[in-house]
Amino acid sequence: MQLLLIHSDYIEYETKKQTPVAEKIEDSLKSGRLEEALTAFMAVESADETNPEETIGKAVSEIEKVASQVKTDRIMLYPYAHLSSDLSSPKVAVNVLKGIEAALSAKYEVKRAPFGWYKAFKISCKGHPLSELSRTIRPEGAAPAVCGEKVVVAEEKEEVVSEALKAEGTARSYWRILTPDGELHEIEGFDLSPYPKLQQFVDYEISKSRAVKEAPPHVELMRRLELADYEPGSDSGNMRYYPKGRLIKSLMENYVLDVASEFGAMEVETPLMYDMNHPTLKKYLDRFPARQYSIESDKRHMFLRFAACFGQFLMNHDMTISYKNLPLKMIEMTRYSFRKEQRGELVGLRRLRAFTMPDMHSLCPDMAQAVDQFMQQYKLCISVLDNMGIDLDDYEVAIRFTKDFYESNRDLVNSMVKTVDKPVLVEMWDTRFFYFVLKFEFNFVDALAKASALSTVQIDVENAERYDISYISPEGKAERPTVLHCSPSGAIERCIYALLEKAAMETEKGKVPMFPVWLSPTQVRIITVSEKHMEFAEKVSKRLGCRVDIDDRELSIGKKIREAGREWVPYVVVIGDQEVEEDTVNVTIRAESEQKKPMKVQMTPEELKERIRAETAGKPYKGLPLAEYLSERPKFL
RNA sequence: GCCUCGUUGGCUCAGCCCGGUAGAGCGAGUGACUUGUAAUCACUAGGUCGCGAGUUCGAAUCUCGCACGGGGCUCCA
C-alpha cells in the first residue's frame with residue numbers, strides 16, 4: 001500500500017462521476033469536508049492481497065503515529081489510485097479501506113471518501129515538515145516494488161524550494177566504508193571501534209541519531225573570548241564580530257586567499273544579489289539544495305547569493321579563454337554567502353544564515369585534467385586546514401560519487417583514501433542527482449558528536465553547459481570545460497567553530513586550550529609587578545614586534561595572570577625588578593603548560609621574538625585589534 | 001517550519017509554584033593598598049523584570065500573542 005499523509009487546514013471533496021468499479025454510496029457521502037485534519041491518500045496494491053489484515057494493521061498504526069505527531073483527531077481516508085502503478089483488485093481495496101476506517105473510528109473522527117468515483121477535492125496543506133509524509137506498507141515477504149521512485153509534491157505555500165531540495169528526499173544512495181587498501185566495506189559488519197570519530201560521523205550521516213542536552217561548548221567560548229555574538233537586531237544566524245573575532249576571521253580569510261593566489265587562482269569580486277528570473281540562474285537554483293533569502297527590489301525579484309558560483313560563471317561566460325589559459329582558477333572570499341537555513345538548525349557559529357566562504361572555481365579542458373586538479377586541491381585542503389590548527393585527526397573524510405564515475409576512476413578515489421591513511425565514508429549514487437559526479441568533504445566532528453562540513457571539492461559536469469562557458473581548443477574550436485568547485489577551508493566561521501570545539505574537547509582531556517599563535521589576538525601579554533616597571537615593559541613591547549599588549553590595570557598580579565589565561569594568551573610575560581636588572585623576561589609558555597602546572601622560562605626578549613617569528617612564519621599578520629594598554633579597552637560583554 | 005524549555009542591572013543567575021514597592025556574585029566608577037605568578041579591601045552607581053495585550057484594587061509572578069535564544073524533530077555545504 002502507498003500512503004501519502006497530508007496535515008491540512010481543511011480537506012473537502014465532491015464526487016463527480018462513477019467509474020466502473022465505484023462503490024455504492026448514500027447521497028450524504030457524495031461530498032465531505034474536515035477542518036484541521038490529517039488526510040491519508042492511499043492506494044492498495046496487489047502485494048497487499050496476500051494479507052489484507054496485516055496491511056490494515058500497519059496502515060492504522062502509521063496513521064495513528066502521524067496523527068499523534070501532528071496532534072489532530074480528525075482523519076480523512078481518501079482512496080487515490082494514482083499513487084501506485086500496481087493496484088490491487090477493487091474488492092480488496094474497498095475491504096482494506098473499510099477495515100482501516102473501522103479501526104480508526106474508535107479513537108478518531110474519521111471520514112472516508114468513496115472508492116471508485118471521480119472526485120474534485122481541495123486541500124490546504126499546512127506546510128510544516130511533518131505535514132507531508134509518504135509511506136510504503138508491505139505485508140511480510142512481499143517483494144519490494146521495483147518501479148522508479150515517485151515524488152509527490154503537494155502544493156507549497158509560496159515558498160521557493162528548489163527541485164534539488166525536493167529531489168534529495170528521493171535520491172537513492174549506498175553507504176560504504178572505503179579503507180586505504182582500496183576495499184569497499186558494507187557498513188554493517190565493519191568494525192568502527194578503532195575509529196571512534198568516524199563512528200560518530202557515520203552515525204550522524206546515516207542513522208541520524210543525535211541525543212544532546214547541552215549547548216555546544218563553542219557558543220559560550222565565542223562570547224567569553226569576545227569573538228562573536230548573536231545580533232538580535234538582524235535575522236537569526238547573522239552574527240556580530242567583536243574586534244578579536246574580526247581579527248581571527250580576517251587573518252583566516254587572508255591566509256586562504258594567499259594560499260589560493262600561490263596556487264594560481266585570480267581573486268575576483270562579484271555581486272551579492274541576483275535576479276531570480278534570470279534564465280540561467282533560475283535553472284541553477286533548481287539544482288542546488290539550498291534555501292535563499294529573497295528581496296523585493298522595485299519590480300524585480302532578487303535573491304541573495306548562497307555561493308560565488310553565479311558571479312564567477314557569468315564572468316566566465318563573457319571571457320575569451322584559450323586552452324593555454326587552463327586550468328583557469330578564480331576565487332572570491334564571499335562575505336557573505338547567504339542561506340536561509342531552517343531556524344531550528346542555527347547554532348552558534350556552526351551553521352549560519354550569513355557566512356564567509358572562500359569559493360574557488362577551476363576550468364579544466366577535460367575530465368583527465370579535472371581529475372588531476374581534483375587531487376591537487378584535495379591535498380591543498382588538507383594543508384590549509386592543518387595550518388589553521390585543524391589536523392587530520394580532527395575531521396572525517398566523506399567521498400561521494402556516482403557509480404559510473406567510480407567505476408572509471410577507482411585509482412583516484414583509492415589514492416585519496418591512501419593520502420589520509422584512514423578509513424573514509426563513501427556515498428555512491430546509482431544515478432546523478434546533482435550537478436557533480438564526484439565530491440569530497442572534510443567533516444569536523446564536534447564535542448557533542450555532531451558533524452559539519454569544512455573543505456570540499458566537487459567535479460561539476462553541468463554548469464559549463466548551463467552558463468554557456470567555453471574555451472578555444474588548439475584546433476580553434478569552442479569546447480566545454482569541466483568545472484571544479486572548491487572551498488579550501490570551508491566557511492571561515494565554521495573553522496572558528498571547529499577551533500573552539502577542538503579547544504573544548506582538549507580542555508575536557510586536561511589540556512590547556514589555545515589558538516595557533518598566528519591567530520591569537522594577543523600573542524604576548526606583559527604584566528608589570530608595579531608601576532615603576534612600565535618603562536621597561538614598553539621597551540620590551542617594541543622589541544618583540546608582534547601583537548603585544550600591556551596589562552597596566554591596578555590589579556593584583558594573580559588576577560592579571562588569571563585573566564591572561566582565560567584569554568588563552570600564548571605567552572605571558574611578567575616584568576619586575578629582576579627582569580629590569582638582567583634585561584630578560586619571564587615567560588609562561590601556554591603551549592607547554594598543563595592545567596595548574598605553568599611552564600615558566602626566563603629568556604631575552606629577542607629569544608621570545610625569534611620563537612614567535614618561527615611559529616608564525618608564512619602566515620598573514622595584522623596588528624593588535626584593540627588598545628595596547630588594557631586599561632584603555634572597553635568591555636564588549 | 002513544528003514541538004519543548006528559557007528571556008530579571010553590562011555578564012551569570014535567585015525571586016515566579018502560592019500576585020502586594022526587585023536580590024546576589026562578577027563586571028563598572030571612586031577611594032585605599034604599590035603589589036612577584038589563577039580572583040586585594042571598602043564604598044557608589046546601575047533594572048521599561050524581552051515586547052504587546054488580557055485577568056486583577058494590584059502582575060517579574062497568572063493567561064494569550066509576538067520576538068529572540070537553547071535543545072529535540074525535520075533538514076543539511
Side-chain angles (χ1 to χ4, degrees), chain A residues 7 68-71 126-133 156-157 159 161 164-166 168-169 204-205 208-216 219-220 223-224 226 229-237 288-291 306-307 309 337 339-348 350-352 355 357 359 398 400 434 436 439-444 448 450-458 485-487 489-491 494 512 527-533 554-566 572-579 586-588 593 595-598 600 634-637:
Chain A
H7 187 207
S68 77
Q69 281 173 343
V70 301
K71 301 201 191 332
K126 284 184 174 293
H128 60 80
L130 288 174
S131 68
E132 302 159 52
L133 296 166
E156 301 279 346
K157 281 189 178 170
E159 193 193 1
V161 175
L165 261 193
K166 291 177 195 162
E168 208 150 282
Y204 188 84
E205 275 290 316
K208 313 277 185 189
S209 76
R210 41 203 93 152
V212 172
K213 289 190 186 71
E214 328 119 73
V219 175
E220 196 215 322
R223 291 164 47 87
R224 208 203 74 209
E226 292 192 321
D229 208 345
Y230 298 109
E231 176 48 79
S234 180
D235 189 24
S236 318
F288 198 92
R291 293 173 173 82
F306 43 80
C309 308
S337 286
R339 298 189 191 176
K340 206 158 187 319
E341 303 294 0
Q342 298 185 83
R343 184 73 214 304
E345 267 311 295
L346 307 168
V347 198
R350 187 164 99 96
R351 198 170 182 78
L352 296 168
F355 58 98
M357 181 179 61
D359 201 1
R400 305 173 202 248
F434 305 101
F436 53 82
K439 76 178 274 197
F440 78 82
E441 319 109 46
F442 294 147
N443 291 274
F444 181 82
L448 305 178
K450 298 209 173 199
S452 39
L454 294 169
S455 317
T456 180
V457 181
Q458 304 159 8
H485 300 242
C486 169
S487 187
S489 59
R494 200 172 265 186
V512 182
I527 293 171
T528 49
V529 173
S530 84
E531 257 172 67
K532 65 183 179 194
H533 306 114
E554 294 199 28
L555 298 170
S556 65
I557 305 288
K559 182 146 190 172
K560 292 183 187 179
I561 296 280
R562 176 185 148 86
E563 290 202 6
R566 280 174 61 85
V572 179
V573 165
V574 176
I575 286 175
D577 289 340
Q578 189 197 335
E579 284 73 24
N586 181 286
V587 188
T588 302
S593 299
Q595 282 181 17
K596 311 227 157 121
K597 272 190 255 167
K600 285 184 278 186
K635 282 207 157 51
F636 288 85
L637 282 174

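Naming convention: chains lettered A, B, ... in sequence-line order (proteins, then strands); numbering from 1 in each chain. Computed from a prediction, not measured in an experiment: that's the story for all the values here.
Across all strands shown, B:C11 forms a Watson-Crick or G-U wobble pair with B:G25, both key distances being under 3.5 Å. Nucleotide B:U56: unpaired (no Watson-Crick or G-U wobble partner with both distances less than 3.5 Å). For B:U34, there is no paired base (Watson-Crick or G-U wobble, both distances below 3.5 Å). Base-pair partner of B:C73: B:G1 (Watson-Crick or G-U wobble, both distances under 3.5 Å). Taking a pair to require two hydrogen-bonding distances under 3.5 Å in either a Watson-Crick or a G-U wobble arrangement, B:C68 pairs with B:G6.
Atom-to-atom distance recorded for A:Lys635:NZ and A:Leu637:CG is 10.5 Å, nearest 0.5 angstrom.
A 4.5 Å side-chain heavy-atom check between A:Val529 and A:Asp577 finds every atom pair outside the cut-off. Annotation: side chain of A:Arg351 is not in contact with side chain of A:Lys450 (no heavy-atom distance under 4.5 Å). No side-chain heavy atom of A:Leu352 sits less than 4.5 Å from a side-chain heavy atom of A:Arg494.
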Just by protein heavy atoms under 4.0 Å, how would nucleotides 43-50 of chain B read 5' to 3' in B, S and -?
-> --------
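With the nearest nucleotide of RNA chain B identified for both A:Ser234 and A:Ala451, A:Ser234 has the one nearer the 5' end. Of the two residues near RNA chain B, A:Lys635 and A:Lys439, the one whose nearest nucleotide lies more 5' is A:Lys635.
The distance from atom CD of A:Gln458 to atom P of B:A77 is 9 Å, rounded to the nearest whole Å. Rounded to an integer number of Å, the gap from A:Glu231 CD to B:A67 P is 17 Å. Regarding A:Arg350, its CZ atom lies at a distance of 9 Å from the C1' atom of B:C76, rounded to whole Å. Taking atom NZ of residue A:Lys596 and atom P of nucleotide B:A38, one finds them 11 Å apart after rounding to whole Å. Distance CZ (A:Arg562) to P (B:U37): 16 Å, rounded to an integer number of Å. Whole-Å rounding puts the A:Glu341 CD to B:C2 C1' distance at 17 Å. In this entry the distance linking CG of A:Leu448 with P of B:G71 reads 8 Å, nearest Å. If you measure from atom NZ of A:Lys559 to atom C1' of B:U40, you get 9 Å, rounded to the nearest angstrom.
For the side-chain hydrogen bond (donor to acceptor under 3.5 Å, both in side chains) test, residues two or more places apart in sequence or in another chain that qualify with A:Ser337 are A:Thr334. With sequence neighbours left out, the ring-ring contact (aromatic ring centres under 6.0 Å, His included) criterion links A:His533 to no other residue. Qualifying side chain to side chain contact (heavy atoms under 4.5 Å, CB included) partners for A:Val219, counting only residues two or more places apart in sequence or in other chains: A:Pro216, A:Met222, A:Tyr230, A:Val347.
Contact annotation: A:Lys600 side-chain N/O to B:A38 OP1/OP2 distance is not under 4.0 Å. Proximity of A:Tyr230 to the phosphate of B:G70: a side-chain N or O atom is located under 4.0 Å from OP1 or OP2.
Heavy atoms only, all atoms of each residue included: A:Cys309 and A:Asp359 are closest at N-OD2, 3.6 Å. Closest non-hydrogen pair, A:Ala451 versus A:Arg350, comes out as O-NH1, 3.2 Å. A:Gly576 and A:Glu579 get closest at one heavy-atom pair: N-OE1, 2.8 Å.
Counting any heavy atom pair closer than 4.0 Å across all strands shown, A:Val347 reaches sugar-phosphate atoms only and no base atom. A:Ser236 comes within 4.0 angstrom of sugar-phosphate atoms only, judged by non-hydrogen atoms across all strands, and of no base. Nucleic acid contact for A:Ala491: base, since at least one base atom lies under 4.0 Å from a heavy atom of the residue.
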Could you go over nucleotides 33-36 of chain B and give all protein N or O partners under 3.5 Å, atom names and distances?
| from | atom 1 | to | atom 2 | distance (Å) |
| --- | --- | --- | --- | --- |
| B:C33 | N4 | A:Glu554 | OE1 | 2.7 |
| B:G36 | O6 | A:Asp577 | N | 2.4 |
| B:G36 | O6 | A:Gln578 | N | 2.9 |
| B:G36 | N1 | A:Glu579 | OE1 | 2.8 |
| B:G36 | N2 | A:Glu579 | OE1 | 3.4 |
| B:G36 | N2 | A:Glu579 | OE2 | 3.0 |

Between the protein and nucleotides 4-13 of chain B, which nitrogen or oxygen pairs are less than 3.5 angstrom apart?
| from | atom 1 | to | atom 2 | distance (Å) |
| --- | --- | --- | --- | --- |
| B:U12 | OP1 | A:Arg223 | NH2 | 3.1 |

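Picking from B:G72, B:A28, B:G71 the nucleotide with the shortest atom distance to the side chain of A:Lys450 gives B:G72. Taking every side-chain heavy atom of A:Gln342 into account, B:U74 is the closest of B:U74, B:G72, B:A77.
Under the 6.0 Å cut-off for aromatic ring centres, A:Phe442 and A:Phe444 do not qualify, their centroids lying 6.0 Å or more apart.
A:Arg351 contributes a side-chain N or O that forms a donor-acceptor pair with the base of B:C76 under 3.5 Å. Between the side chain of A:Arg566 and the base of B:A38, no donor-acceptor pair under 3.5 Å is found.
In this structure, A:Phe306 does not count as stacked on the base of B:A77 under the 5.5 Å centre distance and 30° plane angle limits.
Distance alone, capped at 3.5 Å, is enough to place a donor-acceptor pair between the A:Arg224 side chain and the A:Arg566 backbone.
A salt bridge links A:Arg400 with A:Glu441; the closest basic N to acidic carboxylate O contact falls under 4.0 Å.
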